[in-house]
Amino acid sequence: MDDRYVSFRGQDGNEAEEFIQAVRRAAFNANKDRDDEWMARFASTCMSGKALRWFESLDDDVQESWKRLKKAILVRYPPADEDAIVPSASAAPPAAAAAPAAAPPPAAPWPSSFPQVDFAPPAAVPPQTYTPKPRSKPFDGATGVIEIRYYQTNRVMGYLSQGLRDNGATQVTRSGRSSAQRVTVKNEPYSTYSNIALNTGPRARNKFFGLTWLHQRGARAPAGYRYAATVFTQNIDGAGSSVNSSYYEGGSEATIWDVASDGKVSATSDGKALEFYVYDETDQINLFPDFNAYVSSRGVGHQWDRVNLIFKQE
């Protein structure tokens, strides 16, 4: 399994073992191999198909701990030859030689009224191997800008800005395309999600469009703290977030995007679809897994405008 394309669909035990090793290598390369929660969150973004449905049925304490999650994966997807495991010779003393079995009684003659049938052994079935197929996605390698549109009216609000807010979060620019951040869609062929790279040059600090969670528990935080700011990051794993406010203490992610054939950009974190909202007073772009729960807790729904993000190819 290529570490750049970590994906797990829950096919069999072999795929489960390869997936666990791929997560370990990805964490090691990101210097996160001792971060139990990071590894669990990374693994959750790689789930799809049957594996994703099974993952969503797990308790929170399993989903949020790589140590528990990897054990659960190995139990759920055992090796195909598990039943053939034989205890070592030291496990038990050798059994005494059994007495010769008595000769079976002679077989009864086949009734002449029954047709004779040849019982041939079944043909051998070749072993099945899992070969992941590339995902077909539009806009691979396409360059453009991200347009911000009001959710209800589809009217253009502005564009994803080149400039960041004082706290390091991204914002809407209403000054036209000339002030918009140019981006390139990077589709990973074996991954569920894509990256959105910034066209900022090789020496620029920030390389990708991503998010940073307000709370350490991310999408599972208490309702009033369950949101993230869109940010720029240095790496595809979210490391090096542009947000500089101590108010945002949660993790960061960048491989969370999907760009549909009509250009609509969607985001998913921890298996949860996220909605885009712009804060009226600052034009900051935020993401919510459950905006209604947030409003019920904070009572500030009138200060936010729900929006869609649309990739406009140039």
Side-chain angles (χ1 to χ4, degrees), residues 4-7 26 30 41-42 45-46 48 134-149 156-165 168-173 177 179-213 218-219 227-243 251-270 272-278 283-289 307-314:
R4 296 172 301 169
Y5 312 133
V6 180
S7 177
R41 288 173 61 82
F42 175 78
T45 68
C46 305
S48 61
R135 294 173 59 88
S136 176
K137 296 182 179 181
F139 300 116
D140 186 20
T143 297
V145 297
I146 295 180
E147 193 175 68
I148 315 296
R149 289 180 172 267
V156 176
M157 174 187 288
Y159 298 88
L160 175 67
S161 175
Q162 297 177 20
L164 299 170
R165 294 193 59 233
T170 64
Q171 60 185 339
V172 179
T173 176
R177 292 174 75 109
S179 59
Q181 173 64 56
R182 264 60 186 177
V183 299
T184 299
V185 178
K186 301 284 189 178
N187 291 335
E188 303 292 356
Y190 296 99
S191 175
T192 304
Y193 306 112
S194 302
N195 297 308
I196 297 179
L198 310 178
N199 296 1
T200 51
R203 296 190 177 183
R205 176 182 183 274
N206 298 314
K207 304 291 186 182
F208 298 93
F209 184 39
L211 64 78
T212 297
W213 288 99
Y227 65 88
T230 54
V231 299
F232 294 156
T233 71
Q234 294 181 37
N235 297 305
I236 59 174
D237 62 359
S241 168
S242 62
V243 73
S252 301
E253 303 170 67
T255 309
I256 57 173
W257 309 107
D258 185 66
V259 183
S261 58
D262 61 356
K264 185 176 180 181
V265 178
S266 58
T268 304
S269 177
D270 202 12
K272 297 176 173 59
L274 306 178
E275 297 175 349
F276 298 94
Y277 284 82
V278 172
D283 277 345
Q284 178 171 312
I285 307 167
N286 281 24
L287 291 158
F288 295 83
V307 297
N308 284 327
L309 271 60
I310 309 295
F311 174 72
K312 306 294 288 187
Q313 186 173 2
E314 295 183 330

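Every value quoted in this text rests on a predicted model; they were computed, and no experiment measured them.
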Atom of [X], atom of [Y] and distance for their closest heavy-atom approach:
| X | Y | result |
| --- | --- | --- |
| Gly218 | Arg41 | CA-NH1, 4.3 Å |
| Tyr159 | Ala180 | CB-CB, 3.6 Å |
| Asn195 | Ala254 | OD1-O, 3.7 Å |
| Ser241 | Thr212 | OG-OG1, 2.6 Å |
| Asp237 | Ala30 | OD2-CB, 3.1 Å |
| Ala219 | Ser269 | CB-O, 4.5 Å |

Mutual orientation of the aromatic rings belonging to Phe276 and Trp257 [parallel < 30°, tilted 30-60°, perpendicular > 60°]: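 Plane angle under 30°, so parallel.
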Criterion side chain to side chain contact (heavy atoms under 4.5 Å, CB included) on Thr230 and Leu309, from CA distance to verdict: CA-CA 12 Å; Thr230 54; Leu309 271 60; 5.8 Å; no
Among Asp283, Val156, Thr173, Ile285, side chain to side chain contact (heavy atoms under 4.5 Å, CB included) partner for Ile148: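 Only match with Ile148 under side chain to side chain contact (heavy atoms under 4.5 Å, CB included): Ile285.
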Given Phe288, Tyr277, Trp213, the one that forms ring-ring contact (aromatic ring centres under 6.0 Å, His included) with Tyr227: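 When Phe288, Tyr277, Trp213 are each tested with Tyr227, the ring-ring contact (aromatic ring centres under 6.0 Å, His included) holds only for Phe288.
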Whether Ser161 side chain and Gln171 backbone form a donor-acceptor pair below 3.5 Å: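 No: the side chain of Ser161 does not pair with the backbone of Gln171.
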Nearest 0.5 Å, please: how far is [atom2] in [Y] from [atom1] in [X]?
| X | Y | atom1 | atom2 | result |
| --- | --- | --- | --- | --- |
| Phe209 | Ser194 | CZ | OG | 13.5 Å |
| Thr268 | Asp270 | OG1 | CG | 10.5 Å |
| Thr143 | Lys312 | OG1 | NZ | 15.5 Å |
| Ile236 | Phe208 | CD1 | CZ | 6.0 Å |

Qualifying residues under side-chain contact (heavy atoms from CB on, under 4.5 Å), relative to Lys264, sequence neighbours excluded: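 For Lys264, the residues satisfying side-chain contact (heavy atoms from CB on, under 4.5 Å) (neighbours in sequence not counted) are Asp262, Asn308, Ile310.
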Chi angles and distances behind the side chain to side chain contact (heavy atoms under 4.5 Å, CB included) call for Ile256, Tyr193: CA-CA 5 Å; Ile256 57 173; Tyr193 306 112; 5.6 Å; no
Any [X] side-chain heavy atom under 4.5 Å of [Y] side chain:
| X | Y | answer |
| --- | --- | --- |
| Thr170 | Leu164 | yes |
| Gln181 | Ile146 | no |
| Gln284 | Val278 | no |

Test item: side-chain donor near acceptor, Ser252 and Thr233, under 3.5 Å: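 Distance-only check fails for Ser252 and Thr233.
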Which atom pairs, donor and acceptor, lie under 3.5 Å between side-chain atoms of residues 196-205 and protein residues at least two apart or in another chain?
unit_1	atom_1	unit_2	atom_2	d
Asn199	OD1	Thr184	OG1	2.8
Asn199	ND2	Thr184	OG1	3.4
Thr200	OG1	Asn206	O	3.0

